[in-house]
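A short write-up of the structure that comes next.
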Amino acid sequence: MPEPTYYDLVYAVVRHIPRGRVSTYGAIADYLALGSARMVGWALNNSFSGDSVPAHRVVNRKGELSGRNHWPTPTMMQEMLEQEGVVVENDRVQAFDKLFWHPAEGLGEDFEPF
DNA sequence: TGTTTGACCACGG
DNA sequence: GCCGTGGCCAAAC
């Protein structure tokens, strides 16, 4: 993979999510200004093969753990989040608007994976 | 090659 | 808050 693909950018952004914070598919898609939120989901699904990406920090716009079903065990995603100090209840992130982290805030608009 | 599906989102009712 | 609809783009069949 000589060139940066959409997936590589998604992985890079997800890896830069601060510990104890969460982001959304739409925010990443909007930040990258490529594809759509669905592509982020596909990218993360692919991320299970090889690269270790903190996909547990990525939730949908409601703050719900929509991807928990794709983890080895559905409870693992919530465990990881609570381990970082994120309060999760009924498969939803509490104080989601406070913990929400937008890539542009932490990385800047000219962020590149290299 | 065309259709369906998917870890989504915005909008309107 | 819920539900249906349209849009989005890549992979699977």
Side-chain angles (χ1 to χ4, degrees):
Chain A
M1 46 293 277
E3 299 182 6
T5 65
Y6 184 82
Y7 296 148
D8 293 323
L9 296 174
V10 173
Y11 301 152
V13 172
V14 173
R15 267 191 278 256
H16 281 76
I17 298 176
R19 184 175 177 280
R21 291 292 206 98
V22 294
S23 187
T24 68
Y25 303 94
I28 296 171
D30 181 58
Y31 172 70
L32 295 176
L34 297 172
S36 59
R38 272 197 167 142
M39 299 297 91
V40 179
W42 271 106
L44 290 180
N45 184 26
N46 218 346
S47 76
F48 271 97
S49 179
D51 286 335
S52 54
V53 177
H56 58 274
R57 294 178 187 155
V58 183
V59 296
N60 62 7
R61 71 175 180 94
K62 303 176 201 169
E64 187 177 23
L65 309 183
S66 48
R68 88 198 134 118
N69 238 5
H70 288 252
W71 285 79
T73 60
T75 57
M76 181 171 156
M77 189 173 183
Q78 178 173 342
E79 292 289 320
M80 298 273 285
L81 285 172
E82 292 192 337
Q83 191 176 10
E84 297 183 350
V86 178
V87 181
V88 179
E89 189 167 314
N90 198 6
D91 297 330
R92 287 190 202 175
V93 176
Q94 300 302 304
F96 169 65
D97 41 340
K98 291 183 183 178
L99 296 175
F100 174 70
W101 177 85
H102 196 281
E105 293 183 6
L107 300 179
E109 296 179 358
D110 54 351
F111 163 75
E112 292 180 5
F114 310 104

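Reminder, nothing fancy here: chain letters follow the sequence lines and each chain counts from 1. Keep in mind the model is a prediction, meaning the values are calculated, not measured. Heavy-atom basis, side chains included; hydrogens, waters and symmetry copies ignored.
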Q | Full working for side chain to side chain contact (heavy atoms under 4.5 Å, CB included) between A:V58 and A:I17 | A | CA-CA 9 Å; A:V58 183; A:I17 298 176; 4.0 Å; yes

Q: Compare every heavy atom of A:R21 with every heavy atom of A:L99, then report the nearest pair and how far apart it is.
A: O-CD, 3.3 Å

Q. Looking only at heavy atoms, which two atoms of A:D30 and A:H102 are closest? And how far apart?
A. OD2-NE2, 4.1 Å

Atom pair distance, as rounded to whole Å: [atom1] in [X] and [atom2] in [N]:
| X | N | atom1 | atom2 | value |
| --- | --- | --- | --- | --- |
| A:N45 | C:dC9 | CG | P | 20 Å |
| A:R61 | C:dG7 | CZ | P | 18 Å |
| A:L44 | C:dA11 | CG | P | 14 Å |

Q) So what does A:A29 hit on the nucleic acid, given a heavy-atom distance under 4.0 Å: a base, only sugar-phosphate, or nothing? A) nothing

Q.
Return whichever of A:A27 or A:W42 has its heavy-atom-nearest nucleotide of DNA chain B closer to the 5' end.
A. A:W42

Q) Closer to the 5' end of DNA chain B via nearest nucleotide, is it A:M39 or A:T24? A) A:M39

Q | Inter-residue atom distance A:N60.CG - A:R92.CZ, 0.5 Å rounding | A | 9.0 Å

Q. Just wondering, do A:V59 and A:F96 contact through their side chains at under 4.5 Å, heavy atoms?
A. yes

Q: Could you walk me through whether A:V10 and A:W42 pass the side chain to side chain contact (heavy atoms under 4.5 Å, CB included) test, one step at a time?
A: CA-CA 10 Å; A:V10 173; A:W42 271 106; over 6 Å; no

Q) For DNA chain B, which nucleotides open and close the run of contacts to chain A, 5' to 3', at under 4.0 angstrom from a non-hydrogen atom? A) B:dG6 to B:dA10

